[in-house]
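Numbers restart at 1 for each chain; the letters A, B, ... are given by sequence-line order, proteins then strands.
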There are 2 protein chains.
Amino acid sequence: MHKPVPGNSLKPACSTCNLRKLCLPVNLNSVEITRLDNLISRKGVYRQGSILYRSGDKFQALYAIRTGFFKTQILNEDGREQATGFQMAGEIIGLDGINSDAHTCDAVALEDSEVCEIPFSKLEDLSRELPSLQRHLHRILSREIVRDQNIMLLLGSMRAEERLATFLLNLSQRFAEGGYSPTSFQLRMTRQEIGSYLGLRLETVSRALSHLQDSKLIHMRNRSLEILCMSGLQACIGKRAR
Amino acid sequence: MHKPVPGNSLKPACSTCNLRKLCLPVNLNSVEITRLDNLISRKGVYRQGSILYRSGDKFQALYAIRTGFFKTQILNEDGREQATGFQMAGEIIGLDGINSDAHTCDAVALEDSEVCEIPFSKLEDLSRELPSLQRHLHRILSREIVRDQNIMLLLGSMRAEERLATFLLNLSQRFAEGGYSPTSFQLRMTRQEIGSYLGLRLETVSRALSHLQDSKLIHMRNRSLEILCMSGLQACIGKRAR
DNA sequence: GGCACATTTTGACATATATCAAGACGTAAA
DNA sequence: TTTACGTCTTGATATATGTCAAAATGTGCC
């Protein structure tokens with residue numbers, strides 16, 4: 001397990017253009033953007049395997065991922081573990097902590113990553129002054145709710161291969177939104193972590209991926225994925241409703 | 001399927017004491033409470049089976065349930081259905097719609113119910129003026145995220161009987177919070193609806209309930225439930241991690 | 001009060017996924 | 001390069017839950 005490295009060595013600050021493009025694409029004029037930028041005080045580099053926050057940690061800030069990849073997971077009292085999401089550059093992490101002023105999940109870097117810290121009470125202050133920022137924050141919170149409910153649908157009603165197809169298509173879409181190839185990318189997580197997210201054992205994940213490959217819908221070599229037939233992947237979701 | 005009945009016949013307005021107690025227990029002085037009350041314009045009575053909103057409906061308001069019981073559900077393109085929650089008096093419904101200005105699930109009354117409508121843009125306006133209201137709104141949104149992630153844990157890693165036990169204990173706790181008996185209450189939903197929520201078939205729900213009853217942890221007569229051994233129910237969660 | 005329909009229970013059987021195990025593969029350190 | 005360790009794949013088998021079916025029970029309407 002590595003330790004987080006304070007990231008003052010890396011120069012590209014979480015500046016205006018990045019905020020707009022990645023984290024907070026909100027209709028603000030340049031003065032307002034500057035005020036928002038000024039909130040974002042500390043930045044950090046997190047090495048692969050290091051912890052951004054743990055369940056139980058005091059909640060003080062949201063984090064905008066500038067580069068890299070994280071997972072969030074919750075742990076039961078009985079040691080059960082559930083990955084609740086994988087977050088990539090441009091996404092906001094930490095919303096779970098607002099409710100009780102404490103985080104309820106762990107956030108772990110899956111590769112070396114940079115984050116911007118957004119002190120939440122300052123964000124609240126500013127969003128009282130800027131309606132457009134306020135609205136954006138509300139949308140981010142609501143989007144997370146919608147996303148989680150769609151995962152409930154997946155976990156509650158899809159079979160293993162459908163879950164995998166849904167998962168890969170979702171990653172594909174998000175890579176596309178980030179400006180990367182939607183058909184060819186690296187999986188940053190292990191089969192075990194994918195399984196934890198999809199409610200499957202790692203062997204089932206492996207078998208389902210092999211089957212998708214046998215069907216010529218994807219090509220996998222270790223963790224690099226190529227989607228060969230997007231429509232075929234889409235079609236295999238909901239092939240057999242139950 | 002019944003139609004909603006405009007509820008101007010019923011007098012008990014969603015007034016201060018109700019707001020405080022049920023929906024928005026937020027630190028506001030009486031002037032502020034009055035301003036909040038004034039937002040809450042329309043009220044409605046919904047008969048059992050009627051629809052509060054449908055997926056795709058334009059989002060304009062949140063709803064505070066004054067009395068009664070609702071379920072929310074999402075439907076896949078392929079007709080798959082997932083109950084995403086059961087909401088009781090004192091709870092807020094409709095948060096899913098904020099993200100895209102359209103609801104993403106259906107909300108159905110499971111018994112005759114009364115709701116207060118809270119126009120969301122007015123709530124945003126007021127919450128820019130009242131930090132304590134703003135903070136409360138953020139907590140409500142975050143709480144829903146935490147709740148959904150705990151259901152992901154349930155769906156992703158628990159066995160049928162554990163899911164049932166978790167579900168019953170959650171209902172019990174919420175009834176207790178609403179001032180009702182935590183050990184004896186009516187289930188407002190069918191076995192099919194419970195199954196949809198827990199990712200199980202109705203037969204499995206029925207069998208799991210029968211088994212909990214055989215184990216003397218609960219007593220069920222139709223839809224009235226008595227919890228005989230709270231600690232026993234708790235113990236059967238996580239008995240066998242996988 | 002009786003009829004029709006929805007809901008629930010229970011049984012027998014099917015099946016998807018978990019479990020256990022072994023070997024292949026990939027990566028990092030010596 | 002070799003070694004060691006974590007990850008992944010694949011096979012054989014076990015098991016929890018789904019599926020199908022029938023009967024019992026409950027509920028609402030005429």
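Protein atom CG of B/Leu187 is 15 Å distant from nucleotide atom P of D/dG26, rounded to whole Å. Between A/Leu209 atom CG and D/dT9 atom P the separation is 7 Å, expressed in whole Å. As rounded to whole Å, 17 Å separates atom P of D/dT17 from atom CZ of A/Arg159. One can place CZ of A/Arg201 at 15 Å from P of D/dC8, the figure rounded to the nearest angstrom. Following rounding to the nearest Å, B/Glu193 (CD) and C/dT8 (C1') show an atom-to-atom distance of 14 Å. Protein atom CZ of B/Arg207 is 18 Å distant from nucleotide atom P of D/dT15, rounded to whole Å. C/dA16 atom P lies 13 Å from atom CZ of A/Arg163, rounded to whole Å. Counting to the nearest Å, the P atom of D/dG18 and the CG atom of B/Leu198 are 11 Å from each other.
Nearest to the side-chain atoms of B/Leu202 among the listed nucleotides C/dA12, C/dT8, C/dA16 stands C/dT8. Of the candidates C/dT17, D/dT7, C/dT8, the closest approach to any side-chain atom of B/Arg191 belongs to C/dT8. Closest contact between the side chain of B/Glu203 and the listed nucleotides D/dC8, C/dT19, D/dA21 involves D/dA21. Taking only side-chain atoms of A/Ser210, from C-beta outward, the nucleotide of D/dT19, D/dT10, C/dA16 with the closest atom is D/dT10.
When each of A/Thr204 and A/Asn222 is assigned the nucleotide of DNA chain C bearing its nearest heavy atom, the one mapping closer to the 5' terminus is A/Thr204. Mapping A/Val205 and A/Arg221 onto DNA chain C by nearest heavy atom places A/Val205 at the nucleotide closer to the 5' end.
Taking the six-membered ring for Trp, A/Phe70 and A/Phe86 have ring centres at least 6.0 Å apart.
With hydrogens and angles ignored, no donor-acceptor pair closer than 3.5 Å exists between the side chain of A/Gln192 and the base of D/dC8.
Residue A/Gly195 is out of contact with every strand shown, counting any heavy-atom pair closer than 4.0 Å.
By the neighbour-count criterion of 12 heavy atoms within 6.0 Å, atom OH of B/Tyr180 is sparsely surrounded, having that number or fewer from other residues, nucleotides or ligands.
With respect to the salt-bridge test (charged N to carboxylate O, under 4.0 angstrom), the residues B/Glu144 and B/Arg147 qualify. The existence of a salt bridge linking A/Arg174 and A/Glu177 is excluded, since no basic side-chain nitrogen approaches an acidic carboxylate oxygen closer than 4.0 Å.
Checked options B/Glu193, B/Gln48, B/Glu111; the residue passing with B/Arg188 is B/Glu111 (criterion: side-chain hydrogen bond (donor to acceptor under 3.5 Å, both in side chains)).
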